There are 2 protein chains.
Amino acid sequence: MANNKIPNRILLAEDQLPRYWYNLRADMPEQPDPMLNPGTGQPLQTQELYPVFCEELCRQEMDSQTRYVEIPEEIVEYYKTYRPSPVHRAYRLEELLDTPAQIYYKFEGNNTSGSHKLNSAIAQAYYAKKEGLRGLTTETGAGQWGTALAMACAYFQLPLTVYMVKGSFTQKPYRRSIIQTFGAKVVASPSDTTNAGRAILEKNPDTTGSLGCAISEAIEKAVTTEGYRYVLGSVLNQVLLHQSVIGLEAKAALEQYDIYPDIIVGCAGGGSNLGGLIAPFMQDKLTGKANPRIVAVEPASCPSLTRGKYTYDFCDLANVTPLAKMYTLGSAFIPGANHAGGLRYHGMSPILSKLYHDGYMEAVSYEQTNVFKAAELFSRAEGILPAPESSHAIRGAIDEAVKCKESGEAKVILFGLTGTGYFDMSAYEQYLSGTMSDTIPSDEELAAFVPKLG
Amino acid sequence: MANNKIPNRILLAEDQLPRYWYNLRADMPEQPDPMLNPGTGQPLQTQELYPVFCEELCRQEMDSQTRYVEIPEEIVEYYKTYRPSPVHRAYRLEELLDTPAQIYYKFEGNNTSGSHKLNSAIAQAYYAKKEGLRGLTTETGAGQWGTALAMACAYFQLPLTVYMVKGSFTQKPYRRSIIQTFGAKVVASPSDTTNAGRAILEKNPDTTGSLGCAISEAIEKAVTTEGYRYVLGSVLNQVLLHQSVIGLEAKAALEQYDIYPDIIVGCAGGGSNLGGLIAPFMQDKLTGKANPRIVAVEPASCPSLTRGKYTYDFCDLANVTPLAKMYTLGSAFIPGANHAGGLRYHGMSPILSKLYHDGYMEAVSYEQTNVFKAAELFSRAEGILPAPESSHAIRGAIDEAVKCKESGEAKVILFGLTGTGYFDMSAYEQYLSGTMSDTIPSDEELAAFVPKLG
């Protein structure tokens, strides 16, 4: 049944855990445009970020030169509790698709956060603890980031307040409970605990919230609380740096069997997983060593890469953040009420935006029912219930494998299985009962939100 | 922080996966008493089981002689998608407990069933498929077994009907959905689809059901449906045989670092995990090679080993099964409405019952809040949210580690972390909010259910 030369799960030993994160910017021929201070319109200086993020993370955010950043020993020790994570060969899926393609997936779901988010959460909590902070704030949408940061803060015994998008807070009580089990405080956003929240509630008391709004609240709470800072689980350069551990491990695992992917597929919300997964492969591409296709998959309901504008925009709804040059649907854009889970952010990592703009990667979008169809097929074949977010990448990988069947090409496909769907069963229920909606914004709807800033 | 000689996760390679299950009965100086036909009172013959189980499984059930049973290649191939499972060293927990003990746990939760149940589910589905059956029935209480069997049946494309205890069916809609995602049919038990269910509903229309009742229904459905057989996830000898893969892997992993446990702790409901985990260590004990302490941990609300009677009893509520000699609280016993999850069965594996009766193992029971206190500590220390069932073993292991602190002994403790608690957040919520109850049956309550059969 299976090709015994390549195991079902390629596992690295503990001592093969990467000791350095890789900073993709160091190899980019052109840098992403700098963040701007929205008041002055001038490029942001590192120290302007100090009131928001802890200092080492501000430096990582702004440092485009250092190619390899040593992972602190304490973080390595924590990584060892759940890393290296496996690369699976999808033998059964290949068989069901009857494709000549080889399909591999890097599985980041085997930790309690249920996703790759823990890779950056533990790093950010570590630096906060080291700097002597009294606590952290953050936001969470689907809940994976909130869970991951709660786990990391529990480990370092650091207080945490999580602003959870109200829609998720209400629909996902168990996500809320798991965050609380790890000792964090969870506040439904918008809330009356911040000016940003109160302003939004006054305008729209019945809103179910948005990620952009929760970011505004979490930042406000951090900068107005003594000894607190804010942390963010995606979009930022520092997050992509930490997440490079995914790609470094995946590349090392495949190299043990002399495998190099022809196509790399990842889901894309803010870009944390995609940026991490592709990092060392993109390095090969930027330095001319290899030329794999790199495909970002996003939901049709929130199509920042495929239908957004590459321009300066705010990262949050209340417009308290610096301006970032990125593919964006506009900071006030809120995707329609279909699922799309953690892929509902209006913008995209500036690094990935620049690479996409410069032609180093492709992007496609899929409707939700099509994504869940792939999730259902995958779960039955591979025995892993995928997160809805990850299922976008599954859809993309399956479609590439089907193309290989048509063309007869035995391509090597690697995709990122970022997490598990155990807390997303209500979405699966919608899919199974046929009540899941496909929401595609019209051009007119999108036009109403396009930022007019730069 | 950590002792670098022993990794955080001891991983076996794919080619170190056991190729044989170990049959504990082959080394028992005295065999468990045979199952009896309740009509004749005579020892059951293998072929009497054929209408219920598929034939190869009937043979495994009755075969006490064959010491090692080769694992069929198809099952090995499936095992490879999630096995070997890791043995973790609980460095952080040791640190927090400030104990000289070394604590290890065999983690079986990193698969979508969320537990060790998949080890036997895939085996039972394989034999059913091989025999050309048209479908299977089973019951599930907490839902881990139902999920595992649904995954296994999806893999072999075999129809499955799961009788789910009504209380769980109602309280755990997401468990129901995940079973449905894998294509199985889920029926709340008691139901009007069987005589057993209808009889129970007539007597008690508002009952929330019990495992014993769901077993009765699943068996009736199987024996009255052409080409169907019944499968069970615990208690049976065949299940302990399949689950020996847990212990065999754990022993092999520890041996790589010359470690041998002084104490082995497992939670005990029907005995599937405990019997599997201890199998090769019990072999050493039975054959005089080693003498580890073996501790079964059960809920105080359903204390079959610590307060039950060692006698013949039915395995189900409607008394359609053969009689098994086991520690039992009586087939009509239903534990109080506290959690205890999958540990609510009235009886105990006949093999484990015999070993306990003959003094080869110990048993303790704990109240639920004490168990969840251990779960909370463990999750924050080790970053894994444990299943409530597994948390009984955590409680037991922690208490042994604390005793080591008091005595200054650096003992080696191994416990079974059977699964994750992602679908048990309502129980965690009860614990966190202080509304979790400790239900301990009185001697009088227990006396009312003691079987008077033999």
Side-chain angles (χ1 to χ4, degrees), chain A residues 1-2 4 7-15 73-74 77-84 88 91-92 109-114 118 122 147 151-152 154-155 157 173-178 180-183 375-376 379-386 420-426 428-429 431-432, chain B residues 1-2 4 7-15 73-74 77-84 88 91-92 109-114 118 122 147 151-152 154-155 157 173-178 180-183 375-376 379-386 420-426 428-429 431-432:
Chain A
M1 178 182 298
N4 279 319
N8 281 261
R9 294 183 304 161
I10 307 177
L11 298 166
L12 296 175
E14 186 171 273
D15 59 12
E73 191 54 33
E74 290 85 345
E77 282 305 315
Y78 190 90
Y79 276 172
K80 286 178 182 171
T81 65
Y82 71 102
R83 308 200 69 81
H88 288 242
Y91 282 116
R92 181 68 168 175
N110 270 348
N111 69 73
T112 285
S113 81
L118 195 51
I122 194 65
T147 309
M151 290 170 66
Y155 186 78
Q157 300 178 312
Y174 295 158
R175 262 294 176 199
R176 198 175 68 206
S177 310
I178 193 169
Q180 290 165 334
T181 302
F182 284 98
E376 187 182 31
S379 66
R380 295 188 188 186
E382 295 290 312
I384 296 174
L385 187 86
T420 50
Y422 307 140
F423 291 92
D424 301 289
M425 292 316 301
S426 59
Y428 274 94
E429 274 178 5
Y431 169 71
L432 292 170
Chain B
M1 179 181 295
N4 279 318
N8 281 260
R9 294 183 302 161
I10 307 177
L11 300 167
L12 297 175
E14 187 172 272
D15 59 12
E73 191 54 33
E74 290 86 345
E77 282 305 315
Y78 190 89
Y79 277 172
K80 286 178 183 172
T81 65
Y82 72 101
R83 308 200 69 82
H88 287 243
Y91 282 117
R92 180 70 168 173
N110 270 349
N111 69 74
T112 284
S113 81
L118 195 52
I122 193 67
T147 310
M151 290 170 66
Y155 187 79
Q157 300 177 313
Y174 295 158
R175 262 295 176 199
R176 198 175 69 206
S177 309
I178 193 168
Q180 290 165 335
T181 302
F182 284 97
E376 188 182 31
S379 66
R380 294 188 188 186
E382 295 291 313
I384 297 173
L385 188 86
T420 50
Y422 307 142
F423 291 94
D424 301 289
M425 292 316 301
S426 61
Y428 273 95
E429 273 178 6
Y431 169 72
L432 292 171

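So that the names make sense, note that chain A is the first sequence line, chain B the second, and so on, each numbered from 1. Here the structure is a predicted model, which is why all the values come from computation and not from measurement.
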Taking the side chain as every heavy atom from C-beta outward, state whether B/Met425 and A/Pro173 have any pair of such atoms under 4.5 Å apart.
no
Are B/Arg92 and A/Tyr155 in a cation-pi setup, meaning NZ or CZ lies under 6.0 angstrom from the ring centre and within 45 degrees of the ring axis?
yes
Region of B/Ser426 in contact with chain A, defined by heavy-atom distances below 4.5 Å:
both
Are the side chains of B/Glu382 and A/Thr81 in contact, using a 4.5 Å heavy-atom criterion?
no
Can you find a pair of side-chain heavy atoms, one from B/Thr112 and one from A/Tyr422, that are under 4.5 Å apart?
yes
Note, A/Tyr428 side chain near B/Gln180 side chain (heavy atom, < 4.5 Å)
no
Got a second to check how far B/Asn110's CG is from A/Asn110's CG, nearest 0.5 Å?
3.5 Å
If we define contacts as heavy-atom pairs under 4.5 Å, which of A/Leu432, A/Asp424, A/Asp15, A/Thr181 has the most with chain B?
A/Thr181
Identify, with sequence neighbours excluded, every residue that meets side chain to side chain donor-acceptor pair (under 3.5 Å) alongside A/Glu376.
A/Arg380, A/Tyr431
Polar side-chain atom of B/Arg9 near backbone of A/Ala13 as donor-acceptor pair, under 3.5 Å:
no
Report which part of B/Thr420 has an atom under 4.5 Å of a heavy atom belonging to chain A: side chain, backbone, both, or neither.
neither
Tell me, please, which residues at least two apart from A/Arg176 pass salt bridge (Lys or Arg N to Asp or Glu O under 4.0 Å).
none
Contact class of B/Tyr174 relative to chain A, heavy atoms under 4.5 angstrom:
both
Against chain A, label B/Ile178 side chain, backbone, both or neither, depending on which of its atoms sit under 4.5 Å from a heavy atom there.
both
Could you check whether any side-chain heavy atom of A/Asn8 comes within less than 4.5 Å of a side-chain heavy atom of B/Glu14, counting everything from C-beta outward?
yes
Chain B contact via A/Leu385 - side chain, backbone, both or neither, heavy atoms under 4.5 Å:
both
Which bit of B/Ile122 comes within less than 4.5 Å of chain A, counting heavy atoms only: side chain, backbone, both or neither?
neither
Checking B/Pro386 against chain A: side chain, backbone, both or neither under 4.5 Å from a heavy atom?
neither
Under 4.5 Å to a heavy atom of chain A? For B/Asn111 that would be backbone
Looking at A/Pro84, A/Gly421, A/Gly109, which has the largest count of heavy-atom pairs under 4.5 Å with chain B?
A/Pro84
